[in-house]
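Reviewing the structure listed below.
As the structure is a prediction and not an experimental result, all values here were calculated from the model. So you know, we letter chains A, B, ... as the sequences are listed, proteins then strands, and number each from 1.
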Amino acid sequence: MKISKRVALVLPILFLLVLVSISYAVETTSSNSIVATVTVLKPSSSIDIDFFLGFFYGQLKNNANGKGLINKPVKLTVQYSEYSHGNLQLKTATYDLETGYNGYWYKWFGFNWKYAKIEFAGDATAGPASAAIGTLVTTTTTTTTTSTTTTTKPCECKEDAYRCNLNKLEICDDGKWIFVKSCLFGCSNKECNPPSTTSTTTSTTTTLPPKRTH
Amino acid sequence: MKKLIGIATLALALLATAVFAADGGSPSIAANANVYCNVDADCATGYTCQNYACVLKTCGITASALDFSYIVPGTTKGSDGSIYSTVANGGNTPTTSLDIWGTAWVGLNPANTMPVGQTSWYYAGNWYQLSGSWQGTGFSVSPGSTNIAFELAVPAGQATDTYAQTITFMAGC
């Protein structure tokens with residue numbers, strides 16, 4: 001029986017390895033994998049609006065931690081009145097802005113505004129938010145299954161009607177008479193009267209003394 | 001040559017004995033299943049004494065799933081211990097170790113991820129940050145069940161999505 005030296009050395013080592021493996025195999029292990037789930041929501045946000053010294057301004061904040069949301073796009077919509085060809089017209093302007101330091105935003109506005117709204121549409125990290133100031137000039141129509149109801153505020157005049165009130169031209173706006181301009185020579189047909197059409201009658205009565213007769 | 005084989009065999013026998021001894025078993029009684037016993041020491045390695053009989057040690061671990069429900073970025077959930085996995089040892093012997101590891105959080109949109117370490121687990125008075133690699137703790141889980149609390153910290157600015165993470169529990173006995 002010839003067994004080489006190499007085999008004589010390797011065989012016991014192999015056997016030893018098998019034994020060690022068996023020994024560890026006896027020490028059983030058990031494992032179990034589970035799945036954890038979570039839904040990450042957009043944090044709700046809030047925005048405010050105010051007006052002071054010609055500026056609309058406000059702040060966009062994360063409601064979860066109260067911190068301002070910077071570099072977020074916000075849209076400012078302003079309803080304002082402006083004279084055009086002597087008429088008072090209601091107009092709307094929109095501005096795409098971006099929040100700056102600590103979520104603040106601002107916009108200078110020089111017209112006679114009536115209503116303004118700031119909106120943040122929301123993005124992947126923050127929910128939408130909006131706020132408004134003033135009164136929106138509008139007519140709301142509510143449709144029901146049987147009839148259409150128009151809801152308007154109690155008003156003292158018909159919308160967009162004009163009147164001449166003691167040489168002052170006035171327009172009906174939002175149910176109220178609003179001063180447009182003074183008319184030195186009176187007004188008619190939504191305009192001030194020109195001087196040429198104004199007639200002034202001056203009557204002077206002079207009572208002469210009776211002729212003296214000598 | 002015969003001398004060489006004899007020496008090798010002797011060495012092998014000695015080593016085998018040492019392996020059994022180091023493993024805490026009882027080499028004096030090579031007990032198998034159902035052999036009469038009074039204590040574990042009466043049984044061979046890998047067996048435990050149950051009702052005066054040696055039976056194979058088992059420690060089948062199961063764990064219940066975790067649901068962190070909804071969370072807002074920049075906040076932490078579960079720190080109060082309200083979210084936990086019930087780890088049950090359905091076997092007949094306490095575990096000699098409890099190891100936990102996990103994967104990174106991945107959203108339904110695979111582009112959205114969170115590091116595995118955003119999750120932590122609580123055991124025996126301490127919070128441990130979950131790791132992506134094997135974490136040997138040596139904790140013992142007795143037969144029955146144990147609640148292991150988990151908390152999740154979602155970074156500010158984390159994208160909105162529904163995320164999942166696989167957590168693996170491994171016990172040895």
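With B:Tyr123 as the fixed residue, the side chain to side chain contact (heavy atoms under 4.5 Å, CB included) test singles out one of B:Val87, B:Thr146, B:Ile100: B:Thr146.
Proximity to chain A is limited to the backbone of B:Ser69, based on heavy atoms less than 4.5 angstrom apart. Contact annotation for B:Ile61: both backbone and side-chain heavy atoms come within less than 4.5 Å of a heavy atom of chain A. Interface remark: B:Ser85 contributes side-chain atoms only to the contact with chain A (heavy atom separation under 4.5 Å).
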Please output the side-chain donor-acceptor pairs of residues 32-43 of chain A that fall under 3.5 Å, not counting sequence neighbours, one pair per line with the distance.
from    : atom 1 : to       : atom 2 : distance (Å)
A:Asn32 : OD1    : B:Ala63  : N      : 2.6
A:Ser33 : OG     : B:Thr168 : OG1    : 2.7
A:Thr37 : OG1    : B:Asp67  : OD1    : 3.4
A:Thr39 : OG1    : B:Thr162 : OG1    : 3.1
A:Lys42 : NZ     : A:Asp123 : O      : 3.2

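Side-chain atoms of A:Trp113 and A:Ser81 form no donor-acceptor pair, as typed in the model, at a separation below 3.5 Å.
At least 2.5 Å separates the SG atom of B:Cys43 from that of B:Cys37.
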